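Inspection log for the structure reproduced underneath, given as structure tokens.
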Amino acid sequence: MEKTNQALKGTQDVLQDAYKWQYVERLAVETAALYGFREVRVPTFEYTEVFTGSVGESSDIVQKEMYTFQDKGGRSVTLRPEFTAGVVRAMIEHGEINGALPRKVCYAGSCFRQERPQKGRQREFHQFGVESFGPADPAADVEIIALAVAFFDVLGLEDVKLKINSIGCPECRKEYLVRLREYLFSHRAGLDGDSLNRLETNPMRILDSKVPSTIEIVAGAPKITDFLCGDCSRHFGSVLEQLDALEIVYELSPLLVRGLDYYTNTVFEFVSASIGAQDAIGGGGRYNLLVERRGGKPTPALGFAIGLERVIMLMEQTGALFPEGKKCDIYIAPIGDAASKKALELTAEFRSMGFWAETDLMNRSVKAQMKYANKIGAEYALVLGEREVEEGAASLKKMESGETVELKLGSELCEWFTQARLMSVKKELNDIFSGGDFDGFDEPDEDEDFQA
Ligand code: AMP
């Protein structure tokens, strides 16, 4: 019997580490913005056909992994297993590809696939991705790859390798598919069951197989890059040339086809040796025919998606830094009713100034309150007893050093506190820059007039 008061297999609670997620998602969207990609949000579920008609009937996702159910209106709906299909649906539905092109969008959110859970593979996982609608030029392929590389760089991830291939257009694939089928057919005795099924329906997907005996056979298969037509070959050559110009290192992977049916031309994957068997951090490519196939006007397009669980895992594994979550600025510890009332006022005032302020909600002794203040990393504490309230002054304590300063409750306390926090930010910045030739921040020149 399954225990129904536990999280479902393959799902995860984030209780202490939400700051890591916030950091990674913020940097993803900020990096994408530098390349002109603006965030969009699309529904978590769609008509099932949105996915079956895009991702491809023979893909693993459609065949085995989708969370599909009938809603109360009898419609077949599916939790998104990936974003591209829904984003393409939205672009067509709202006429977004009829306006100024390229239309460049990015997104972050959860996806659902009923796979066998293991390290780095979940049933609910999160992706950050981009899609670029309109450009046929190889520069657009390079732009999204450069954006992914910039995202890894800004997170401090070093052990990420780019693998790249071109799977051409339907024209170049005609002869290739005949030759590939011939080759695989002649080796059919060694193929696994799934691959045998795909021999007729979609032999290129066999190149993706993870079954060792099939991998051995696939290693000797004809390579799509030997069959590219003139246009596709020039496109791929130009992508590689521009990657070289940007000094983006890649590995040519002639067997890389990606699992989804909608790709054309450039396909790529980012992998890392540091996160175990599920080594793909992200992947993407061109899907020049998808928009038309889904009922939009012919529009070349391309994109990628990166798995955020794996990014965070890689960061943890390789010791990349997450900035620490913000700590409490001030804890106000009241003793008695009058002090509690005053503490409430002061807490509200500090919060309105933008500081994280806390006071007692548990009716604790002052000793227990100070212990709690320490636990939440409060930078300062202010103990308020009856005498302090009567006299209108109290001593503010810097928790780390134990230093205290006596201040009048009210504007003197607020001003002193703001000044102290500013000084500490300034010191932090000076510490960060002091490794170089930086001489510290100058005090603003009082006589200097700012120009409007
Ligand atoms: P895909 O389009 O299937 O290649 O997915 C893009 C990225 O999403 C992969 O490279 C992974 O980083 C991530 N991903 C895909 N499926 C899962 C999963 N079940 N659990 C965690 N991450 C996943």
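FYI, side chains are in, hydrogens and waters are out, and symmetry mates aren't considered; it's all heavy atoms of this structure. Note that the structure is a prediction, hence the values are computed from the model and not measured.
Both the sub-6.0 Å distance and the 45° axial angle are not jointly satisfied by R80 relative to the ring of F112. In this structure, R188 satisfies the cation-pi test against F185, with its NZ or CZ atom closer than 6.0 Å to the six-membered ring centre and inside 45 degrees of the ring normal.
In summary, the side chains of T68 and T78 do present a donor paired with an acceptor at a separation below 3.5 Å, with no hydrogens or angles considered. Inspection of the S272 and D279 side chains reveals no N or O donor paired with an N or O acceptor under 3.5 Å. No hydrogens or angles considered: nothing links the side chains of T347 and E358 as a donor-acceptor pair under 3.5 Å. For the residue pair Y372/D360, the side-chain donor-acceptor check at 3.5 Å is not satisfied. Using modelled atom types and a 3.5 Å distance limit, the side chains of D141 and T266 yield a donor-acceptor pair.
At a threshold of 4.5 Å between non-hydrogen side-chain atoms, the residues F270 and V149 count as touching. The side-chain heavy atoms of I248 and Y250, taken from C-beta on, include no pair separated by under 4.5 Å. Using a 4.5 Å heavy-atom threshold, the side chains of I164 and F236 count as touching. F37 is not listed as a side-chain neighbour of V105, based on a closest heavy-atom distance of 4.5 Å or more.
Shortest non-hydrogen contact noted between A280 and V271 is CA-CG1, 4.2 Å. V130 and C106 make their closest contact through CG1-CB, 3.8 Å (heavy atoms, listed as atom of the first residue, atom of the second, distance). The two atoms that bring P81 and R113 nearest to each other are O-NE, 2.8 Å, heavy atoms only. Heavy atoms only, all atoms of each residue included: L246 and A146 are closest at CD1-CB, 4.2 Å. Nearest heavy atoms, I217 versus L184: CG2-CD2, 4.3 Å. Considering all non-hydrogen atoms of both residues, Q127 and E82 come closest at OE1-CA, 4.2 Å.
Between E39 and R41, at least one side-chain nitrogen of the basic residue sits less than 4.0 Å from a carboxylate oxygen of the acidic one, meeting the salt-bridge criterion. Between K297 and E292, no side-chain nitrogen of the basic residue sits less than 4.0 Å from a carboxylate oxygen of the acidic one, so the salt-bridge criterion is not met. Ion pairing of K163 with E269 is absent here, as no side-chain N (NZ or NE/NH1/NH2) approaches a carboxylate O to less than 4.0 Å. Comment: E143 engages K104 in a salt bridge, judged by a side-chain N to carboxylate O separation of less than 4.0 angstrom. For D226 and K223, the salt-bridge test fails: no basic side-chain N is under 4.0 Å from an acidic carboxylate O. Under 4.0 Å is where a charged nitrogen must lie from a carboxylate oxygen, and between R258 and D208 no such pair does. A salt bridge links R294 to E49: at least one charged side-chain nitrogen sits closer than 4.0 Å to a carboxylate oxygen. Under the 4.0 Å criterion applied to side-chain N and carboxylate O atoms, K161 and E251 are assigned as salt-bridge partners. Using a cutoff of 4.0 Å between basic side-chain nitrogens and carboxylate oxygens, E379 and K398 are scored as salt-bridged.
The aromatic rings of F83 and Y107 sit parallel, their planes meeting at an angle under 30°, below the 60° perpendicular limit. Taking the six-membered ring where the residue is Trp, F417 and F350 present perpendicular rings, their angle passing 60° and hence far from 30°.
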Return a table of donor-acceptor pairs under 3.5 angstrom between the side chains of residues 192-199 and protein atoms on other chains or two or more places apart.
residue : atom : partner : partner atom : Å
D192    : OD1  : S195    : OG           : 2.6
D192    : OD1  : T214    : OG1          : 2.4
D192    : OD2  : D194    : N            : 3.3
D192    : OD2  : S195    : N            : 3.2
D192    : OD2  : S195    : OG           : 3.4
D194    : OD2  : K64     : NZ           : 3.4
R198    : NH2  : D60     : OD1          : 2.6

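Looking at S238, its side chain never comes within 3.5 Å of a backbone N or O of H235 through a donor-acceptor pair. Counting only distance, with no hydrogens or angles, the side chain of S54 and the backbone of F51 share no donor-acceptor pair below 3.5 Å. D329 places no side-chain N or O within 3.5 Å of a backbone atom of F355 that could act as its donor or acceptor partner.
Checked against the 6.0 Å centroid criterion, the rings of F151 and F128 qualify as a close aromatic pair.
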